[in-house]
Number of protein chains: 2
Amino acid sequence: MDTLLTRKLSNYVSLSSTDRSLLAKLLEPPRIVEPRVDIVEEGEDPRAVNVVLDGWACRYRQFEDGRRQIISFLLPGDCCDPYIYLLDRRDHAIAALTQVAIARIPGASMAELTARSPALALAFHREALAGTAIQREWTVSLGRRSGAERLAHLFCELHARLAAIGLADETSCPMPLTQPDLADALGQTTVHINRTLQDLRAARLLALKGRRLTVLDPDGLRHLAKFDPLYLHQTAARDASRRLEVVKL
Amino acid sequence: MDTLLTRKLSNYVSLSSTDRSLLAKLLEPPRIVEPRVDIVEEGEDPRAVNVVLDGWACRYRQFEDGRRQIISFLLPGDCCDPYIYLLDRRDHAIAALTQVAIARIPGASMAELTARSPALALAFHREALAGTAIQREWTVSLGRRSGAERLAHLFCELHARLAAIGLADETSCPMPLTQPDLADALGQTTVHINRTLQDLRAARLLALKGRRLTVLDPDGLRHLAKFDPLYLHQTAARDASRRLEVVKL
DNA sequence: CGAGGCGTTGAGCAGAATCAACAGGAGTGG
DNA sequence: CCACTCCTGTTGATTCTGCTCAACGCCTCG
């Protein structure tokens with residue numbers, strides 16, 4: 001059984017077939033959420049975990065005056081702790097960007113899982129570490145990268161994350177994000193995103209058409225973004241960067 | 001035994017005296033790191049945890065061209081996973097800002113701790129959750145808050161975190177950060193920080209002198225920052241906000 | 001067919017960066 | 001003890017990145 005979730009977790013540890021079937025057993029039947037609909041579970045078991053099985057979602061924060069900031073993107077295999085819903089008021093929400101399939105792993109099941117499979121426990125732990133590393137990288141992007149660098153870095157990140165679950169080939173991947181989405185993620189306006197995008201196209205770094213990103217000049221894009229896939233904690237990516245080191249010598 | 005670390009953890013769960021003595025037993029003797037010196041432990045046990053016992057530190061990322069971004073501030077009681085040092089190259093570093101006392105909890109001790117004290121295990125887990133929540137809040141700040149709002153929000157955050165460990169009174173707290181530090185944390189230049197600071201002073205919101213922050217108008221500052229202490233996961237703060245709710249009615 | 005979201009363009013403006021200079025204080029070495 | 005340096009804080013002038021406001025074509029969907 002090979003799902004997007006197991007493919008994702010396999011980036012952190014190698015899973016046995018018993019791990020896979022244990023995981024399949026503990027996952028509740030997924031529910032489907034339509035685009036632009038919030039994924040909310042009020043008053044849920046704090047130890048439970050929600051897993052995106054398919055589709056794209058995002059954490060975001062909305063101010064009263066209309067300003068919106070996307071805090072992170074959730075791709076297939078990504079987990080979100082529902083602990084946030086325990087707070088009196090939610091400080092942020094999670095919304096589907098495309099049609100999303102989401103499954104819950106109840107707290108009791110998580111406990112059983114950690115008890116019975118050290119590999120799965122480690123995989124989920126690393127998934128959490130990778131998530132916070134991505135968040136730190138966003139801090140760096142928003143703080144110190146220029147418009148073009150930010151956009152380039154985000155595309156590199158998403159391409160690498162999609163590649164890790166087999167949803168991207170060497171040079172292209174799906175890109176359902178609209179320009180308003182990109183703007184809210186990168187802390188800019190859609191007008192500016194549009195112009196920066198045109199610069200990247202003019203520089204022959206990438207093409208973006210029909211909800212699909214094609215990277216025309218991977219090295220150029222990575223160099224512009226100062227992108228180093230190491231922080232994603234993907235073993236595959238780490239091997240790739242090792243290979244690059246060798247090439248450089 | 002009441003240390004800054006136990007005070008911090010007591011914000012998440014109440015600790016018994018056996019919890020406290022267990023923690024004291026498992027902490028290695030602290031080492032002192034001078035200001036501006038990197039806190040590095042290469043090739044360390046990935047399960048180990050480094051705890052700041054006293055002083056201020058920061059995670060930061062430095063680009064070759066000189067740009068620097070401070071990713072987060074580490075205050076007394078804050079933990080940092082050394083797992084980052086396992087990567088081939090470190091993607092970011094941690095430096096002392098003031099003189100810092102830092103203690104290691106080896107991986108084996110962490111295992112013993114989780115096994116013998118569910119309360120401490122939960123406390124450390126919540127500490128990690130609070131850390132990622134703070135990181136998300138920084139994403140929001142850097143993405144969508146104006147210069148003045150960012151500065152105000154950071155001061156609110158730091159004051160609240162210091163208050164939680166008894167290092168701040170109602171209206172003031174130590175503030176060892178220089179304007180270059182603030183600039184690198186908030187993604188701006190020191191010149192701009194300086195001018196924004198003057199605006200905040202002119203608005204009679206705060207005073208900043210002699211490495212000490214005094215909040216002259218707490219409500220005004222919180223309102224400008226749109227600061228809601230909920231995300232810090234401090235039970236004390238949550239109670240305070242509940243009290244505020246009542247007052248509003 | 002109309003409405004609304006998305007992508008695009010233009011003109012003007014503002015927040016923040018850059019460049020440059022200087023004062024004050026802390027530490028250092030002669 | 002003083003001269004020196006370096007860091008911090010501050011100010012002014014200028015530039016530029018990115019925002020605001022506004023308009024329009026395009027497409028999808030009800």
Side-chain angles (χ1 to χ4, degrees), chain A residues 34-37 56 58 63 65-70 95-99 141-154 175-203 206-213 224, chain B residues 34-37 56 58 63 65-70 95-99 141-152 154 174-203 206-213 224:
Chain A
E34 295 301 316
R36 299 171 170 277
V37 174
W56 291 42
C58 70
F63 289 120
D65 60 15
R67 281 182 285 180
R68 188 174 86 129
Q69 177 66 39
I70 290 179
L97 290 167
T98 66
Q99 199 181 63
S141 270
L142 293 175
R144 286 292 180 221
R145 277 192 252 257
S146 70
E149 290 169 344
R150 272 183 224 191
L151 209 36
H153 197 279
L154 180 61
M175 186 52 57
L177 304 177
T178 64
Q179 291 183 10
D181 291 334
L182 291 170
D184 286 341
L186 300 178
Q188 294 178 313
T189 59
T190 85
V191 173
H192 196 66
I193 290 289
N194 182 290
R195 286 172 177 146
T196 308
L197 225 29
Q198 290 177 39
D199 293 342
L200 296 183
R201 284 193 267 239
L206 54 81
L208 191 55
K209 209 167 62 178
R211 306 283 104 139
R212 185 154 196 98
L213 168 71
L224 170 62
Chain B
E34 296 302 317
R36 296 170 173 278
V37 174
W56 291 41
C58 71
F63 288 121
D65 60 16
R67 283 181 284 180
R68 188 174 86 129
Q69 176 65 38
I70 290 180
L97 290 168
T98 67
Q99 197 182 64
S141 270
L142 293 175
R144 287 293 182 222
R145 278 192 251 257
S146 71
E149 289 169 346
R150 274 183 224 191
L151 210 36
L154 180 61
M175 185 52 58
L177 303 177
T178 64
Q179 290 182 11
D181 291 334
L182 291 170
D184 286 341
L186 300 179
Q188 293 178 314
T189 59
T190 85
V191 173
H192 196 68
I193 290 291
N194 183 289
R195 288 175 174 144
T196 307
L197 225 30
Q198 290 176 39
D199 292 343
L200 296 183
R201 285 193 266 239
L206 53 82
L208 189 57
K209 210 168 58 177
R211 306 283 106 137
R212 185 156 196 95
L213 168 71
L224 170 62

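Letters A, B, ... are given to chains in the order of the sequence lines, protein chains preceding strands, and every chain is numbered from 1.
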Rounded to whole angstroms, how far apart are [atom1] on [X] and [atom2] on [N]?
| X | N | atom1 | atom2 | value |
| --- | --- | --- | --- | --- |
| A:Leu186 | D:dC19 | CG | P | 11 Å |
| B:Leu182 | C:dA16 | CG | P | 15 Å |
| B:Arg67 | D:dT17 | CZ | C1' | 13 Å |
| B:Asp199 | D:dT11 | CG | C1' | 14 Å |
| B:His192 | D:dC16 | NE2 | P | 18 Å |
| B:Glu149 | C:dA16 | CD | C1' | 15 Å |
| B:Leu208 | D:dT8 | CG | C1' | 12 Å |
| B:Arg68 | D:dC7 | CZ | C1' | 13 Å |

Strictly under 3.5 Å: I want the nitrogen or oxygen pairs between protein and nucleotides 19-27 of chain C, one per line.
none

Closest non-hydrogen atom pair, B:Pro174 against B:Pro176: C-CD, 3.8 Å

Distance only, no hydrogens: is a donor on one side chain within 3.5 Å (strictly under) of an acceptor on the other, for A:Asp199 and A:Thr196? no

Considering only nitrogen or oxygen atoms on both sides, find all protein atoms under 3.5 Å from nucleotides 3-6 of chain C and state each distance.
unit_1 : atom_1 : unit_2  : atom_2 : d
C:dC6  : OP1    : A:Arg36 : NH2    : 2.4

Would you please confirm or rule out a distance under 4.0 Å between OP1 or OP2 of [N] and any side-chain N or O of [X]?
| X | N | result |
| --- | --- | --- |
| A:Gln198 | C:dT9 | yes |
| A:Asn194 | C:dT8 | yes |
| B:Thr189 | C:dA17 | yes |

Any side-chain heavy-atom pair of B:Gln69 and B:Leu142 under 4.5 Å: yes

Does the side chain of B:Asp184 come within less than 4.5 Å of A:Arg144's, by heavy atoms? yes

Would you mind telling me which residue lines up with the more 5' stretch of DNA chain C, A:Leu197 or A:Arg144, judged by nearest nucleotide? A:Leu197

As an exercise, state the distance from CD1 of A:Ile193 to CG of A:Leu177, rounded to the nearest 0.5 Å. 10.5 Å

Hey, what do you get for CG (A:Leu206) to CE (A:Met175), rounding to the nearest 0.5 Å? 9.5 Å

Give a yes or no on whether the backbone of [Y] and the side-chain of [X] come within a donor-acceptor separation of less than 3.5 Å.
| X | Y | result |
| --- | --- | --- |
| A:Thr190 | A:Ala183 | no |
| A:Arg150 | A:Leu186 | yes |
| B:Asp181 | B:Thr178 | yes |

Across the strands shown, which category fits B:Arg201 at heavy-atom distances under 4.0 angstrom: base, sugar-phosphate, nothing? sugar-phosphate

